[in-house]
Amino acid sequence: MTAHGPVAGPEAAGGAPPVLTVDALSKTYPLPGGGRLTAADAIGFTVPRGGSLGIVGESGSGKTTVARMLVGLVRPDAGTVTVDGRARPARPARGRAARLARAREIQMVFQDPYVSLDPRLTGRQCLLTALRLHGASGAAAEEKAERLLGQVGLGSREGAARPHALSGGQRQRLAIARALAVEPRVLVLDEAVAALDVSIQAQILQLLGEVRRETGVALVFVSHDLAVVRHITEATLVMRRGTVVEQGPTRSVLAAPVTPYTRALLAAVPRPGWDPAAALRAAAPDTP
């Protein structure tokens with residue numbers, strides 16, 4: 001693999017182990033005509049406590065498969081995901097207590113908030129349901145629900161509304177609040193701002209930065225938007241056809257990429273004087 005080097009863990013900065021360690025994570029799927037499609041091949045990286053990692057690549061690169069393996073929605077064929085020094089079993093233990101403990105390690109925010117929001121519940125009820133599931137009750141749960149709403153910039157009116165009555169940005173804020181309700185160590189965001197207007201994207205990105213500083217949660221940000229990744233992450237991992245082709249500090253990867261594929265991704269970003277034909281040539285199928 002050609003790269004700037006492995007994504008730096010926190011050891012160099014302070015000696016504490018990373019909050020998230022991914023080692024040799026792999027996943028294949030059977031093809032209708034025979035053979036198998038490699039969605040992820042020996043993916044590895046670390047994320048320090050309170051750190052932020054971007055996973056980028058074109059559609060079909062495998063980045064969403066990696067995100068879903070992190071949270072347990074897809075079972076890996078091989079490899080390990082370790083949170084706070086504890087390996088998450090490939091076959092999760094059964095039972096309510098085990099599921100809740102697993103949920104407190106990693107939470108996910110999807111591109112479409114409706115995936116995680118119950119349309120029958122108001123924003124406040126959605127948060128209270130999550131809090132009570134994890135042991136909070138009574139006035140303590142009510143107080144924390146109000147605090148979470150305020151933390152993501154939602155007021156009492158939004159808290160009393162059901163998801164269909166909220167804007168796209170408000171629904172995404174509520175989804176973030178719901179994920180934060182269980183105080184996860186890691187928050188995985190899969191194209192979480194892709195469907196939002198640019199101005200709303202900026203608001204959500206600012207919110208995520210504030211949440212990270214306030215709570216210490218680590219972010220894994222999966223996106224095809226390099227401008228978003230540049231803004232919110234400290235390290236970046238570039239995927240193509242299920243493999244990592246480049247990784248390192250975001251500033252280095254996006255300012256001075258060492259692989260033709262990463263350079264092709266950057267060439268495809270519209271900007272003043274942008275030449276679509278040149279971008280298509282850079283993204284030719286035989287780009288190594």
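Each residue takes its place number in the sequence, starting with 1.
A side-chain donor-acceptor contact under 3.5 Å links Lys63 to the backbone of Gly57. Here the side chain of Thr38 pairs no donor or acceptor atom with the backbone of Thr28 at under 3.5 angstrom. For the pair Lys144 (side chain) and Ala181 (backbone), a donor-acceptor distance under 3.5 Å is present. Judged by distance alone, the side chain of Glu246 and the main-chain N or O of Thr259 form a donor-acceptor pair under 3.5 Å.
Rounding to the nearest 0.5 Å gives a distance of 8.5 Å between CG of Leu117 and CD of Gln172. Of the inter-residue distances, the one linking Leu128 atom CG with Thr122 atom OG1 reads 7.5 Å to the nearest 0.5 angstrom. Taking CG of Asp77 as the reference point, atom OH of Tyr29 lies at 8.5 Å (rounded to 0.5 Å). A distance of 4.5 Å separates CD1 in Ile232 from CG in Leu208, rounded to the nearest 0.5 Å. Within the model, atoms CG of Leu148 and CZ of Arg178 stand 12.0 Å from one another, a figure rounded to the nearest 0.5 Å. Here the CZ atom belonging to Arg185 is positioned 8.5 Å from the CZ atom belonging to Arg49, to the nearest 0.5 angstrom.
Within the structure, salt bridge (charged side-chain N to carboxylate O under 4.0 Å, His left out) contacts touching residues 209-227 (residues at least two apart or in different chains) are Arg212-Glu234. Sequence neighbours left out, not one pair with a member in residues 53-62 passes salt bridge (charged side-chain N to carboxylate O under 4.0 Å, His left out). Screening residues 117-126 for salt bridge (charged side-chain N to carboxylate O under 4.0 Å, His left out), with sequence neighbours left out, gives Asp118-Arg120, Arg124-Glu146.
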Checklist entry - For Val83 and Ile106, what are the C-alpha separation, side-chain angles and deciding distance, and is it a side chain to side chain contact (heavy atoms under 4.5 Å, CB included)? => result CA-CA 8 Å; Val83 181; Ile106 304 178; 3.8 Å; yes
Checklist entry - Step by step, would you call Gln170 with Leu154 a side chain to side chain contact (heavy atoms under 4.5 Å, CB included)? => result CA-CA 7 Å; Gln170 289 169 337; Leu154 297 177; 4.1 Å; yes
Item to check | Steps toward side chain to side chain contact (heavy atoms under 4.5 Å, CB included) verdict (Ile204, Ile176) | outcome: CA-CA 9 Å; Ile204 298 298; Ile176 292 170; 4.0 Å; yes
Item to check | Asp190 and Met108: CA distance, side-chain angles, deciding distance, side chain to side chain contact (heavy atoms under 4.5 Å, CB included) verdict | outcome: CA-CA 8 Å; Asp190 187 9; Met108 189 167 184; 3.5 Å; yes
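Under the 4.5 Å side-chain heavy-atom criterion for ILVMFWY residues, no single connected hydrophobic cluster contains both Leu219 and Val66. Following chains of ILVMFWY side-chain contacts shorter than 4.5 Å, one can reach Leu25 starting from Ile55, so the two form part of one hydrophobic cluster. Cluster annotation: Ile200 is connected to Leu149 through the hydrophobic network of ILVMFWY side chains, with a link wherever side-chain heavy atoms come within less than 4.5 Å. In the hydrophobic clustering of this structure, Leu73 groups with Val22; members are Ile, Leu, Val, Met, Phe, Trp, Tyr whose side-chain heavy atoms approach within less than 4.5 Å, directly or through other members. By the criterion of side-chain heavy atoms lying less than 4.5 angstrom apart, applied directly or through intervening Ile, Leu, Val, Met, Phe, Trp or Tyr residues, Val74 is grouped together with Val188 in one hydrophobic cluster.
Side-chain atoms of Leu166 and Leu174, non-hydrogen and from C-beta on, do get closer than 4.5 Å to each other. Looking only at side-chain heavy atoms (C-beta outward), Arg86 and Glu105 come within less than 4.5 Å of each other. Here the side chains of Met69 and Ile43 are not in contact, with every heavy-atom distance at 4.5 Å or above. In this structure, the side chains of Arg88 and Pro76 stay at 4.5 Å or more apart for every pair of heavy atoms.
Using a 4.5 Å cut-off between side-chain heavy atoms of Ile, Leu, Val, Met, Phe, Trp and Tyr, Leu37 falls into a hydrophobic cluster with Leu31.
The minimum heavy-atom distance between Ser52 and Val47, with the atom names listed, is N-CG1, 4.3 Å. A pairwise comparison of heavy atoms in Ala218 and Val19 identifies CB-CG1, 3.7 Å as the closest pair. Looking at every heavy atom in both residues, Ser223 comes nearest to Val229 through CB-CG2, 4.0 Å. Across Gly54 and Thr233, no two heavy atoms sit closer than the pair N-CG2, 3.5 Å. Across all their heavy atoms, Ala179 and Leu187 have their closest contact at CB-CD1, 3.6 Å. The nearest pair of heavy atoms linking Leu237 to Leu53 is N-CD1, 4.2 Å.
Few gaps surround CZ on Arg104; more than 12 heavy atoms of other groups in view lie less than 6.0 Å from it. Enclosure of atom CZ in Arg157 is not indicated, since only 12 or fewer non-hydrogen atoms of other residues, nucleotides or ligands lie within 6.0 angstrom.
By the salt bridge (charged side-chain N to carboxylate O under 4.0 Å, His left out) test, Asp41 pairs with no residue at all, sequence neighbours left out. Every residue two or more places apart in sequence or in another chain that forms a side chain to side chain contact (heavy atoms under 4.5 Å, CB included) with Thr215 is listed here: Gln151, Val211, Val217.
In summary, Arg132 and Glu142 engage in a salt bridge, as defined by a charged side-chain N under 4.0 Å from a carboxylate O.
Side chain to side chain, Arg173 and Gln203 meet the donor-acceptor criterion of an N or O pair below 3.5 Å.
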